[in-house]
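To find a chain, count down the sequence lines: A is the first, B the second, and so on, and within it residues start at 1. All values reported here derive from a predicted model rather than from experimental measurement.
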Protein chains: 2
Amino acid sequence: MGSLKMANPTSRDIAEIAGVSQATVSRALRNSPLVRKETRDRIQEIAKELNYFVNRNAAGLRTHQSNTIALLLFDETGGADAQINPFFLSMLGYISRAAARRGYDVLISLQQLSDDWHVEYQASHRADGLILLGYGNYVTYREKLAALSAANTRYVIWGPVIKDHPGHTIGCDNENGGFQAARHLLSLGRKRIAFLGQTSPRSPEFSARYAGYMQALLAANVHPDPGLKVDADNLEELGYQAVEQLLAAGESFDAVFAVTDVIAIGAVRALLNAGIRVPEDVSVVGFDDMPLAAHVTPALTTVRQDIRLAADGLVDAIVGLIEERPVESTLMAPKLVVRESCGAKKGVRHK
Amino acid sequence: MGSLKMANPTSRDIAEIAGVSQATVSRALRNSPLVRKETRDRIQEIAKELNYFVNRNAAGLRTHQSNTIALLLFDETGGADAQINPFFLSMLGYISRAAARRGYDVLISLQQLSDDWHVEYQASHRADGLILLGYGNYVTYREKLAALSAANTRYVIWGPVIKDHPGHTIGCDNENGGFQAARHLLSLGRKRIAFLGQTSPRSPEFSARYAGYMQALLAANVHPDPGLKVDADNLEELGYQAVEQLLAAGESFDAVFAVTDVIAIGAVRALLNAGIRVPEDVSVVGFDDMPLAAHVTPALTTVRQDIRLAADGLVDAIVGLIEERPVESTLMAPKLVVRESCGAKKGVRHK
DNA sequence: CGCGAGGATGCAATCGTATTCATCCCGTAT
DNA sequence: ATACGGGATGAATACGATTGCATCCTCGCG
């Protein structure tokens, strides 16, 4: 009835009010069966009344835990101006939800290559484990990842699953995804399929997509033309430029497989800009199925990575590591999503 | 030389190695001038060598701080399936960077209406202050915000600046933005400008944009037609449906002002789908300038909210509150960004 | 040669919770 | 009636850093 006010109540305050010891309060608030149900309820009631919440610093100090997961996004841009990879951003929401469901908070951190992120988070007890997004490039990160392992830090990477690789990985079967994309274009009668994307060893995920693409071509007895392969990093402008480059080189092609939706969107813009119709003249397929893929015009056919499932997998894995359960790296199956940009729908295509 | 290994070094371990007291170590690591420079350097060296990092729980317990800002995103969707508002997501990156620059970590949390978020974060010492995104709807949140204030929680809201409103706010001058959008369309000779967006008191930001739009019409002596106003929440589908609805009602219009880029993109899709050319037949203007606005086809003319500036402002404000400096609510100026969808560029328009 | 000032460091008391171990109480079996 | 067992609670301590205060040393000056 009389609402008890108090600035910063502690468990000791509650103990005093409830007429029990602080130890009992601590137990009661954690729902310990050691405390009689009646007492427990009474204590919890008082806590609620006082707007009391366990001091996480104190609890963490005692238990050596933080109940927090650090989400490290590799900040490719390096600068303060650029946008973060939207694919990772949209993953973030699902990760946060999944973590909350398991009682973990999520700390985000944009990391640059020069940063000393490799140990700090866990060593400082800010986080119990790390989720790494954008670190698919193992060549660059090898030493840092090794340092993480050496420091006994718990971490999970979103990226290609590679054997003999330190740490645990959740990733998408990129090769299969690239295969599906190319096979679909071939099934539509397309034969000259341009490939847009970076395939250096620095980008193993994109390289895998390329490998899948090649595999599909060979399976269909279509001879790949090196002139149709253009390197392009993951930016809309670069997708645009890649197509400009193909056109300037006088290459003829009837389809484009872009290693990323972002690149695909740039490619479409360049095509339309050059008076080439999509999908009538050129079919376009992207990769990722990012939120806007369905909403650009024409709606983008793409290879979906189920980011919700991915997020759940990442959180499951890191929580598993934290709670010392066995965890395995897993490869998720991508899925072709057919929309308008490839021309398979609505019979809009060349008849 | 000999790399000293140690599982979880504490400041006491370092003290022992350095041959000083633990207190001195603590001071040295915080760069206190009380410690002689030589000693300080030596201690820091040892700390680095041992891969030692200050235990944040212990430090936080002692200092009653966490050096963490909680970023609360209102999870409009409520469900686990939907995407988070991309506008907020892209803000997140900048907020994280700005916070890092000031020595703060960022904790993210998707909150639903039913959640008891109003006090927990600060009371539990998980965060020193809160940034609220997506809480523009003060009618719904009034009591929760009041509770925050009552609990002496430090928070900053991204949203409309309203007088007599508890707490501090950073926002964009939505009315002016709406005015600019409509005035631009009028200057292109458009007279029948549809307005797409929710304007209930639950959405004061959108209502303000509508007010600006009305003001521009009146200033140009154009009589607003109620039939051209369609309610639509912030989803691409709903933008699509809004245009469908206008067309089904047989309304004639030569422009669309969508209260959001997401809605605008849906509107464009519906228009193109109906065989209506954009911008030749209908000009479209959106609001926000989200990352993809420039990259859809046709590129979207829109009213930009400078999210980088906004993020800096929010972080400045919350850090100011935390460090007990005076802070004021501020209103930022939006800016019209002319691209293709309005027809002002390239002389593509009806001549 | 003594004394005071001030720079450098150490001592020890917190911060609020979780948990081990001891204690107490009560019912039941002998 | 007594001893015993187990359920419920309390006392005491540890977690690792920060910080006010005491201490000590050195140097300059009278």
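Side-chain contact of A/T63 with A/Q65: a donor-acceptor pair under 3.5 Å is absent, judged by distance alone. Side-chain atoms of B/Y52 and B/T10 form no donor-acceptor pair, as typed in the model, at a separation below 3.5 Å. Between the side chains of A/Q122 and A/N152, not a single donor N or O lies within less than 3.5 Å of an accepting N or O.
In this structure, the CZ atom of B/R42 is 13 Å from the C1' atom of C/dA8, given to the nearest Å. Taking atom CD on A/E16 and atom P on C/dT17, their separation rounds to 14 Å, with Å as the unit. Between the C1' atom of C/dC15 and the CZ atom of A/R12 lies a distance of 10 Å, rounded to the nearest Å. Between the P atom of C/dT17 and the CD1 atom of A/I43 lies a distance of 13 Å, rounded to the nearest Å. In this structure, B/N31 places its CG atom 16 Å from C1' of C/dA8, rounding to the nearest Å. At whole-Å resolution of the value, OH in A/Y52 and P in C/dG16 are 10 Å apart. Taking atom CG on A/N67 and atom P on C/dT17, their separation rounds to 15 Å, with Å as the unit.
Nearest heavy atom pair, residue A/H168 against residue A/V327, reads CE1-O, 3.1 Å.
Reading DNA chain D from its 5' end, the first and the last nucleotide to sit under 4.0 Å from a heavy atom of chain A are D/dA8 to D/dG16.
Figure legend: B/R308 and B/Y94 shown without cation-pi pairing, the cationic atom not lying both under 6.0 angstrom from the six-membered ring centre and within 45 degrees of its axis. For the pair A/R102 and A/Y104, the cation does not sit on the ring face, since its NZ or CZ is not both under 6.0 Å from the ring centre and inside 45° of the axis.
Residue contacts for B/V54: at a heavy-atom cut-off of 4.0 Å it reaches the sugar-phosphate backbone alone, with no base atom in range. Here B/V35 lies in heavy-atom contact (under 4.0 Å) with sugar-phosphate atoms only. Nucleic acid contact for B/S26: base, since at least one base atom lies under 4.0 Å from a heavy atom of the residue. Residue B/H64 is classed as a sugar-phosphate contact, given heavy-atom separations below 4.0 Å to backbone atoms only.
Checked by distance alone, A/R56 brings no side-chain donor or acceptor within 3.5 Å of a matching partner on the base of C/dG16.
Checking side-chain atoms of B/Q44 against main-chain N and O of B/A28 turns up a donor-acceptor pair under 3.5 Å. With A/T39 contributing its side chain and A/V35 its backbone, the two residues share no donor-acceptor pair below 3.5 Å.
Closest-nucleotide positions on DNA chain D for B/R27 and B/L61 were compared, and the one nearer the 5' end corresponds to B/L61. For B/N57 and B/A23, each mapped to the nucleotide of DNA chain D holding its nearest heavy atom, the one lying further toward the 5' end belongs to B/N57. Both B/P33 and B/T63 sit near DNA chain C, but only B/P33 has its closest nucleotide nearer the 5' end.
Phosphate proximity of C/dG10 to B/S21: present, with a side-chain N or O under 4.0 Å from OP1 or OP2. Side-chain nitrogen and oxygen atoms of A/R30 include none within less than 4.0 Å of the OP1 or OP2 phosphate oxygen of C/dT17. In this model, the phosphate group of C/dT9 is approached by a side-chain N or O of B/R36 to a distance below 4.0 Å at OP1 or OP2.
Picking from C/dA12, C/dG16, C/dT20 the nucleotide with the shortest atom distance to the side chain of B/Q22 gives C/dA12.
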